[in-house]
Novice: 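First the structure, which I've put down as structure tokens, then a few questions once you've had a look.
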2 protein chains.
Amino acid sequence: MKPEELLPFLKEVDRLKTVDRQCVLHNGGRRENSAEHSWHLAIAVLLFHSLSAEKADLLKALKMAILHDIVEIDAGDTFVYAVSSDTNAKELEAIKRLSGLLPAELGKDLQAIWLEFEEGQTPEAKLVKGLDRFLPAYSNILNQGNTWKKHGITLSQVLEKNQKPVETGVPSLWPVFQKMLNDAVSQGHLKNN
Amino acid sequence: MKPEELLPFLKEVDRLKTVDRQCVLHNGGRRENSAEHSWHLAIAVLLFHSLSAEKADLLKALKMAILHDIVEIDAGDTFVYAVSSDTNAKELEAIKRLSGLLPAELGKDLQAIWLEFEEGQTPEAKLVKGLDRFLPAYSNILNQGNTWKKHGITLSQVLEKNQKPVETGVPSLWPVFQKMLNDAVSQGHLKNN
């Protein structure tokens, strides 16, 4: 493999730093972008992988965390409470285009890792998906429900989107998370309905 | 290990998203922060590890990329052309404080990975250090020497800081990189002295 064959992809993914999510930083400041979120998710994987529901391969889980959002370069970020039916089709087009920028074998590997994450069936995908859901909620817990308040999100919506993935991926995190959500309701940072 | 023991570190490292580097995004826009840079470096490791000078363990190299800059939460980012003698002491204090937020064994692992990167002697450290030097230079190559011009950086300074680490970590990247630097000089984006 020649190094110059790797540069178009390296250059293209810089754009993920310009994709803003709904979530803000823990300090309640600016919106988080999908590149720095992916880094934070990789940190979470390093920390929590020993608490994975099923034995997960750390290398594969880290690759997933790093790559899971690159499709947003084309498809944009979708707010977890507003996923539409065509999100997935756009993301599939995006992963094809992006992996096509790489030498064939590497592109195929990347696409397989991303698809495995999307399908959510393997131990690694369950771990990474659980943590991917926990992170923005944790940010809201730490910044007085910034995004929840902005979008009028309720406890039942948070439970519907987060409980199953977190329980499935990192079971021991769920009761801790649940207590934090109940506290957020008591403190008036999350609506109780 | 209890999940609540991992939350203080997960929370603290969010601050890396607020540490700005001198380098700007490829599009020449805002300054890059150290969290999204660490993500981009992890992508670079995924792409270039098969071109590593010495056989490098991919998992260890990815951990290094993800963790290499966390000390900047306390010590700030140091411009590569302005490293001072007390940078290292501050960074050592920082890695002790941050790893102290974690359960003992995990904190010890994290500190060992960071130290191995800093010392730069293992195959993984050489690979990651080479790519860490290449990325901001590549950004300058793509955005008409934005930071080079702002700070009056010259070709000889770029060579002094980058040639050895890139040649040592990813030898086949060096001639490609060298040609791009010479082109940047021809195009007036980098001073030739």
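The structure presented is a predicted model; accordingly, all values stated were derived computationally and were not measured. Numbers restart at 1 for each chain; the letters A, B, ... are given by sequence-line order, proteins then strands.
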Novice: Any chain of hydrophobic side-chain contacts (each under 4.5 Å) joining A:Val80 to A:Met64?
Specialist: yes
Novice: Taking atom NZ as the centre, does B:Lys164 end up with more than 12 heavy-atom neighbours from other residues, nucleotides or ligands that are less than 6.0 angstrom away?
Specialist: no
Novice: Closest heavy-atom contact between A:Arg30 and B:Lys17?
Specialist: NH2-O, 2.8 Å
Novice: Would you mind reporting whether A:Leu173 and B:Leu6 have side-chain heavy atoms less than 4.5 Å apart?
Specialist: no
Novice: Heavy-atom cut-off 4.5 Å, strictly under: side chain, backbone, both or neither for A:Ile66 against chain B?
Specialist: both
Novice: In this structure, would A:Leu101 and B:Val45 fall into the same cluster of hydrophobic residues linked by side-chain contacts under 4.5 Å?
Specialist: yes
Novice: What pair of heavy atoms forms the shortest contact from A:Ser172 to B:Pro3, and how long is it?
Specialist: O-CG, 3.2 Å
Novice: With a 4.5 Å heavy-atom cut-off (strictly below), which parts of residues 109-139 of chain A touch chain B? List them by number.
Specialist: A:Phe134, A:Leu135, A:Tyr138
Novice: Counting only non-hydrogen atoms closer than 4.5 Å, does B:Arg15 touch chain A with its backbone (N, CA, C, O), its side chain (CB onward), both, or neither?
Specialist: neither
Novice: Which pair of non-hydrogen atoms, one from A:Trp39 and one from B:Val13, has the smallest distance, and what is that distance?
Specialist: CH2-O, 3.4 Å
Novice: Tell me which of these, A:Asp14, A:Leu7, A:Leu59, A:Thr18, has more heavy-atom pairs under 4.5 Å with chain B than the rest.
Specialist: A:Asp14
Novice: Please classify the contact between A:Leu25 and chain B as side chain, backbone, both or neither, with a heavy-atom cut-off of under 4.5 Å.
Specialist: both
Novice: Where on B:Leu10 is there a heavy atom nearer than 4.5 Å to chain A: the side chain, the backbone, both, or neither?
Specialist: both
Novice: Nearest 0.5 angstrom please: A:Lys11 NZ to B:Leu142 CG, how far?
Specialist: 5.5 Å
Novice: Group every Ile, Leu, Val, Met, Phe, Trp and Tyr by side-chain heavy-atom contacts under 4.5 Å, then state whether B:Phe9 and A:Leu41 land in the same group.
Specialist: yes
Novice: Quick check on B:Glu5 against chain A: is it the side chain, the backbone, both or neither that has a heavy atom closer than 4.5 Å?
Specialist: neither
Novice: Quick check on B:Val176 against chain A: is it the side chain, the backbone, both or neither that has a heavy atom closer than 4.5 Å?
Specialist: side chain
Novice: With a 4.5 angstrom heavy-atom cut-off, which part of A:Ser38 approaches chain B: side chain, backbone, both or neither?
Specialist: both
Novice: Is atom NZ of A:Lys150 surrounded by more than 12 heavy atoms (other residues, nucleotides or ligands) closer than 6.0 Å?
Specialist: yes
Novice: Side chain, backbone, both or neither: which part of B:Leu51 has a non-hydrogen atom closer than 4.5 Å to chain A?
Specialist: side chain
Novice: Does anything in residues 170-179 of chain A pair up under salt bridge (charged side-chain N to carboxylate O under 4.0 Å, His left out), and if so which pairs, sequence neighbours excluded?
Specialist: A:Lys179-A:Asp183
Novice: State yes or no: do A:Leu47 and A:Trp174 share one hydrophobic cluster built from I, L, V, M, F, W and Y residues joined by side-chain heavy-atom distances below 4.5 Å, directly or via other members?
Specialist: yes
